[in-house]
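The chains referred to below are lettered A, B, ... by the order of the sequence lines, with proteins before strands, and numbering in each begins at 1. From a predicted model like this one, the values you see are computed outputs, not experimental measurements.
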Amino acid sequence: MISTTMSLTTSKSMGPITWDDATWILTSSFIIFTMQSGFGLLESGCVSRKNEVNIMFKNAVDVVFGGLTYWAFGFGLSFGNKAGSNPFCGIGYFFVDTAAEEMGILFSTYVFQLSFATTATTIVSGAMAERTKLLSYIVFSFLNTICYCIPAHWEWASNGFLRSLGVVDIAGSGAVHVVGGVSALVAAFILKPRKGRFYDGLKAGENPLPMGNPANTLIGMFMLWWGWLAFNCGSTFGISGGKWKLAAKAAITTLNSSMGGGMVGIFASYILLKRKFDVAFLVNSILGALVGITAGCAVVRPWEAVVIGIIGGTLAVGSAHLLSRIKVDDPVGAVAVHGVCGIWGMLSVGLFAATDTIENTTQGRSGVFHGGGFYLLGVQLLAAVVITVWSGVVSAILLLGIKFTIGLRMTEAEERLGADYVEHGVGEEDDLPFYERGLFSPPR
Amino acid sequence: MISTTMSLTTSKSMGPITWDDATWILTSSFIIFTMQSGFGLLESGCVSRKNEVNIMFKNAVDVVFGGLTYWAFGFGLSFGNKAGSNPFCGIGYFFVDTAAEEMGILFSTYVFQLSFATTATTIVSGAMAERTKLLSYIVFSFLNTICYCIPAHWEWASNGFLRSLGVVDIAGSGAVHVVGGVSALVAAFILKPRKGRFYDGLKAGENPLPMGNPANTLIGMFMLWWGWLAFNCGSTFGISGGKWKLAAKAAITTLNSSMGGGMVGIFASYILLKRKFDVAFLVNSILGALVGITAGCAVVRPWEAVVIGIIGGTLAVGSAHLLSRIKVDDPVGAVAVHGVCGIWGMLSVGLFAATDTIENTTQGRSGVFHGGGFYLLGVQLLAAVVITVWSGVVSAILLLGIKFTIGLRMTEAEERLGADYVEHGVGEEDDLPFYERGLFSPPR
Amino acid sequence: MISTTMSLTTSKSMGPITWDDATWILTSSFIIFTMQSGFGLLESGCVSRKNEVNIMFKNAVDVVFGGLTYWAFGFGLSFGNKAGSNPFCGIGYFFVDTAAEEMGILFSTYVFQLSFATTATTIVSGAMAERTKLLSYIVFSFLNTICYCIPAHWEWASNGFLRSLGVVDIAGSGAVHVVGGVSALVAAFILKPRKGRFYDGLKAGENPLPMGNPANTLIGMFMLWWGWLAFNCGSTFGISGGKWKLAAKAAITTLNSSMGGGMVGIFASYILLKRKFDVAFLVNSILGALVGITAGCAVVRPWEAVVIGIIGGTLAVGSAHLLSRIKVDDPVGAVAVHGVCGIWGMLSVGLFAATDTIENTTQGRSGVFHGGGFYLLGVQLLAAVVITVWSGVVSAILLLGIKFTIGLRMTEAEERLGADYVEHGVGEEDDLPFYERGLFSPPR
């Protein structure tokens with residue numbers, strides 16, 4: 001977030017937002033919500049066909065239950081500026097509502113932040129795919145808002161302790177992606193791998209549980225790609241004054257980073273997998289590059305964005321491989337893409353950021369390569385560490401709590417049958433007599 | 001519609017619309033059109049695979065032929081303000097065109113209204129799925145504009161008789177969804193059920209013609225969800241003055257309502273279907289909640305929106321079940337979601353609306369729960385009744401006219417074979433010799 | 001492009017763009033990028049299932065490598081205004097970057113133009129489907145920027161020679177679609193048909209390699225349809241002054257044209273194919289109509305747009321048939337839709353354009369039917385011819401160069417197996433033992 005969020009939490013007047021800014025913020029939010037469709041397709045394409053309905057259902061659950069809790073207390077803990085608000089968390093705006101005069105700024109801010117919050121929760125669902133009980137997931141998504149909303153306060157509320165130190169995380173490499181990626185790692189670790197994912201004799205890179213629908217995975221990646229433009233550019237949180245210049249810069253750097261990342265993924269796959277162009281390599285490298293540019297999108301130069309993307313893509317592909325070697329089973333690569341590259345995004349600001357003379361996003365500081373010394377890098381590293389620790393601890397508490405009460409994992413029989421059948425009754429009707437089943441369909 | 005539509009029909013100067021408003025209106029229209037993609041996926045996911053191409057084709061037909069007639073006479077009958085315009089219908093702007101000075105306001109209004117009109121027609125196609133001759137459907141979609149454009153005049157033109165009485169239907173629970181839902185009911189009734197849909201011994205909730213592709217149904221639902229934000233928020237019909245505040249409010253209430261509805265659908269399914277999370281329950285409850293908030297999106301409070309969504313979701317799921325018990329076969333749940341919840345949306349304004357002090361959307365009135373007495377509720381009820389009667393009668397005349405001339409329903413053999421093969425030749429090429437059919441595809 | 005692009009290349013001050021314009025330009029760009037998803041679905045639906053992943057992968061390649069070269073030199077050759085810029089090509093802005101004061105206008109212009117450039121490249125991929133080596137395609141997409149960026153300079157840079165002559169090509173019927181369509185024709189010709197596409201005894205209209213997934217083709221068409229609104233309306237390149245009026249006009253003409261085209265496609269299929277409603281007829285006629293209105297969208301009247309669409313749709317369907325009769329194998333109809341209808345779009349301006357009194361898009365001229373005589377038609381024809389020659393020659397050089405070095409076409413065995421398996425390893429894991437493959441999926 002660049003500046004108005006700050007005024008929301010500091011001034012009674014709610015800042016000088018205009019209707020031009022509202023157009024930008026609301027339109028961006030609407031586009032960001034389309035990323036839920038993108039995550040749905042990406043994740044359902046990555047799992048086996050017997051679980052594709054289930055994972056899409058989970059993404060709806062994220063919006064429904066994650067949204068309700070974000071409205072009830074998440075937004076307030078992030079951006080509340082009433083009595084008691086402090087460097088650790090906000091207080092106020094619970095069950096978001098207000099009178100006419102404050103309505104415009106508060107509700108548009110809320111909707112924008114909600115689009116971010118639901119994204120963070122959805123990241124985790126991918127890592128839990130194909131083996132988690134849906135009822136348990138519902139409880140998790142209901143509670144997981146707590147994990148997201150606190151680091152958002154640290155970084156984006158005017159009295160957040162990381163912002164006071166000068167952290168720069170424009171669209172959330174840390175507050176969205178590290179949070180989601182670390183929770184995903186904890187979830188994958190607690191859940192243990194899917195049956196049959198790892199067995200003796202498996203060679204490097206082999207996956208006996210391949211993508212059920214790689215075409216859907218690619219369409220999902222495309223949707224996320226374009227949605228990311230609104231995600232990063234919308235984070236100027238307005239268009240008036242000099243903000244439109246930063247928004248335009250965020251657009252070119254976001255695109256350039258994705259190109260750098262995609263290039264790495266394509267070549268790496270060709271070289272490492274003996275002339276194959278692997279879909280997961282492409283998808284992870286592009287998304288990893290996008291996560292990497294998210295923190296610094298408006299404060300790095302276009303060519304630096306290509307470099308950030310190249311490194312992000314490399315980290316995504318490399319760490320996905322590494323995780324599979326140490327037998328962490330993350331069906332959609334959420335830990336590598338969001339967790340590892342999220343940390344890279346935070347650090348890249350400490351290296352590449354130049355002082356922002358337009359909206360003072362960087363609070364007058366610069367990164368190592370622009371003569372700013374190591375202070376900013378240190379703050380960015382500190383932010384990555386504290387967010388990692390927070391997310392890891394909170395999601396471990398939530399998930400272990402669920403595990404030891406209602407249970408987290410499906411039985412082996414359920415897992416074999418697939419969640420689509422077990423949880424949603426998909427395919428059940430095939431027990432009906434043949435002549436009642438809408439058959440006589442021509443062969444395809 | 002909030003206010004500029006009114007100025008379009010009252011003043012020669014076409015109202016004080018600015019380019020800021022045009023950005024909002026046009027961008028919203030573009031996003032609303034994406035709901036056609038959403039309807040296409042939702043509906044094709046709901047039918048059996050032998051009809052999925054056909055139903056998507058129908059949605060294109062809706063835009064092509066529904067659009068041509070809307071341009072020719074629909075918009076004029078809704079919003080024409082020339083001599084002869086009266087409380088029942090507008091006159092003027094047939095074959096929409098104008099000179100340079102009026103161009104901006106007229107064309108952006110037209111495009112926005114067209115995005116609404118094509119939506120209303122598309123609603124009906126779902127209820128007619130899997131058994132309607134495509135040629136007959138084309139004739140229907142060509143004529144059905146008449147059914148939509150008249151109620152839009154009543155509610156949204158400045159001299160419409162319902163508007164004069166004070167009706168509040170901001171984004172069309174009545175003028176879009178009740179119209180579509182009632183036509184859908186009439187169509188399902190005239191067409192009779194699909195072969196094999198109902199037979200003796202079927203237990204409550206059983207459907208021998210299940211969703212062919214529930215994953216597509218869910219993706220379609222997601223697309224509609226985000227498109228709905230533009231639908232409801234765009235209905236401020238501008239962003240300048242205080243309109244951006246109402247747009248921001250419409251965004252939070254729309255989202256809150258959908259969460260309330262989704263919560264009901266998920267829990268109802270879990271309880272009623274013995275621990276299954278049914279996809280149709282989720283989809284119908286979320287969409288029903290969205291329809292329910294459509295009329296009052298900018299004039300109710302966020303917590304009231306949750307309540308409206310909970311009731312909307314309950315009504316959608318309950319009435320879908322009821323309709324199947326009385327053997328009305330509506331393959332996609334259009335009657336329950338759009339018809340029943342559309343009426344609920346109209347009534348909910350009469351209960352929950354508070355006086356809008358910003359743009360005077362409510363013409364100074366309030367609903368029952370905000371001390372406004374029963375006048376507004378009465379007007380909303382009247383609107384729901386007259387729109388129901390109008391849509392029922394007009395679509396019955398159109399559909400019976402088609403039935404008794406060129407026929408409406410496919411033969412039983414055609415229905416068994418499926419419309420994809422019968423109407424579109426999909427699968428025909430499988431008669432070609434094996435070695436010419438693009439085979440050698442690896443097994444999936 | 002209407003006017004600011006001109007100021008970008010003529011004035012040091014980068015033109016009087018406001019943040020309102022930036023909102024319009026950037027939002028349009030984000031929506032235009034969604035057309036990549038549309039192309040992906042359309043093309044993957046048109047090919048056999050053994051190649052659907054491959055063609056979607058190619059679309060990602062277009063953005064990654066086409067984007068990198070557009071950033072490195074494409075934008076500079078199109079819109080550079082530094083010393084050496086001339087009527088044939090621009091000079092400057094290589095590796096696009098700039099300082100803070102110019103940032104807003106340059107980066108938003110670049111992002112908008114990039115969304116156009118990647119579209120032009122993607123058009124070609126469809127015609128090359130199912131038989132091109134992916135590595136060769138990567139090299140092609142890397143180099144093909146040169147083919148696109150020069151005609152864009154001719155038409156849209158202030159010192160381009162076609163613009164000096166008065167050419168009108170608002171959203172690129174010539175600079176985008178003729179370029180893409182002609183390259184597609186050259187590619188299809190050089191590649192030769194797919195195995196089994198043409199054989200003796202094939203009757204007119206028969207295609208032994210049918211669409212693998214017509215439902216996806218239709219969803220792809222829908223996505224392109226709505227994206228086209230941003231494509232054409234965004235080409236006002238701003239919303240301030242009178243530009244919003246032209247944007248609104250572009251929206252209605254774009255929609256009207258698509259309706260005219262779709263009507264033709266539906267009726268033509270019904271009549272010519274003996275009461276079948278063919279998906280390819282519908283898709284090609286709607287897209288052909290959209291290509292046809294692209295050049296003149298803001299300078300023709302709504303009823304003229306219907307006529308332009310009817311002719312565009314007829315040309316698309318007719319020329320697709322003709323191309324198959326002369327055994328040019330273009331799996332997705334790119335040559336007919338983009339090439340032939342692109343030329344029609346250029347000529348239609350020469351016939352139907354009326355003097356634009358608002359932003360002077362037509363440089364004071366009119367088309368034949370508005371009393372402007374034959375000058376404008378002559379210029380439009382000249383533009384179509386020189387763009388055709390340029391695109392044909394450049395892509396032939398590139399493709400033949402690739403053919404005679406690393407090779408262009410897959411082996412027959414690879415083609416039979418399908419690119420998904422050969423290039424991406426999709427299906428490989430089926431060699432693993434049965435019990436390790438995520439089976440036990442319920443029958444669908």
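Neither the backbone nor the side chain of F281(C) comes within contact range of chain B; no heavy atoms are under 4.5 Å apart. In this structure, chain C has no heavy atom under 4.5 Å from any part of N216(B). Using a 4.5 Å cut-off between heavy atoms, I252(C) touches chain B through backbone and side chain atoms alike. Both the backbone and the side chain of L135(B) come within less than 4.5 Å of a heavy atom in chain C. For T98(B), the part lying under 4.5 angstrom from a heavy atom of chain C is the backbone only. Heavy-atom distances place the side chain of V306(C), and not its backbone, under 4.5 Å from chain B.
The two residues I219(C) and M56(B) have their closest heavy-atom pair at CG1-CE, 3.5 Å. When all heavy atoms of S108(B) and A248(C) are compared, the closest pair comes out as N-CB, 3.7 Å. Scanning all heavy atoms of the two residues, the minimum distance from M223(C) to M223(B) falls at CE-CE, 3.6 Å. In this structure, W71(B) and P302(C) approach most closely via the heavy-atom pair NE1-CB, 3.8 Å. In plain terms, the two heavy atoms of M103(B) and L246(C) that are nearest each other are CE-CD2, 3.8 Å. Nearest heavy atoms, T27(C) versus T27(B): CG2-CG2, 3.8 Å.
Ring-centre distance between F65(B) and F267(C): below the 6.0 Å cut-off.
Of the N and O atoms on the side chains of W226(C) and S37(B), at least one donor lies less than 3.5 Å from an acceptor on the other residue. Inspection of the D97(B) and W303(C) side chains reveals no N or O donor paired with an N or O acceptor under 3.5 Å.
Contact tally against chain B (heavy-atom pairs below 4.5 Å) for V279(C), I266(C), N256(C): the top residue is N256(C). By number of non-hydrogen pairs under 4.5 angstrom with chain C, the leading residue of F107(B), Y110(B), F95(B) is F107(B). Between chain B and the options K249(C), E130(C), R194(C), heavy-atom pairs under 4.5 Å are most frequent for K249(C). Contacts with chain B were tallied for T34(C), I358(C), L282(C); L282(C) has the most, counting heavy-atom pairs under 4.5 Å.
Atom CZ of residue R275(C) and atom CD of residue E423(B) lie 9.5 Å apart, to the nearest 0.5 angstrom. With values rounded to the nearest 0.5 angstrom, I31(B) atom CD1 is found 5.5 Å from I31(C) atom CD1.
The closest side-chain heavy-atom distance from L229(C) to V111(B) is not below 4.5 Å. For the pair M259(C)/L114(B), a side-chain contact is recorded, criterion being any heavy-atom separation below 4.5 Å from C-beta on.
Under the 3.5 Å distance criterion, the side-chain polar atoms of K276(C) are matched with a main-chain donor or acceptor of V422(B). A donor-acceptor pair under 3.5 Å links the side-chain atoms of H424(B) to the main chain of F277(C), judged by distance alone.
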Next on the checklist: For a side chain to side chain contact (heavy atoms under 4.5 Å, CB included) check, start with the C-alpha distance between V53(B) and T217(C), then their side-chain angles and the critical distance, and finish with the verdict.
Outcome noted: CA-CA 9 Å; V53(B) 173; T217(C) 303; over 6 Å; no
Item to check | From CA spacing to verdict: side chain to side chain contact (heavy atoms under 4.5 Å, CB included), W244(C), L26(B) | outcome: CA-CA 9 Å; W244(C) 70 281; L26(B) 289 174; 5.9 Å; no
Checklist entry - Would S28(C) and F30(B) satisfy side chain to side chain contact (heavy atoms under 4.5 Å, CB included), going step by step from the backbone distance to the final call? => result CA-CA 10 Å; S28(C) 296; F30(B) 301 167; 5.7 Å; no
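Annotation for F352(C): atom CZ counts as buried by contact number, over 12 foreign heavy atoms lying within 6.0 Å.
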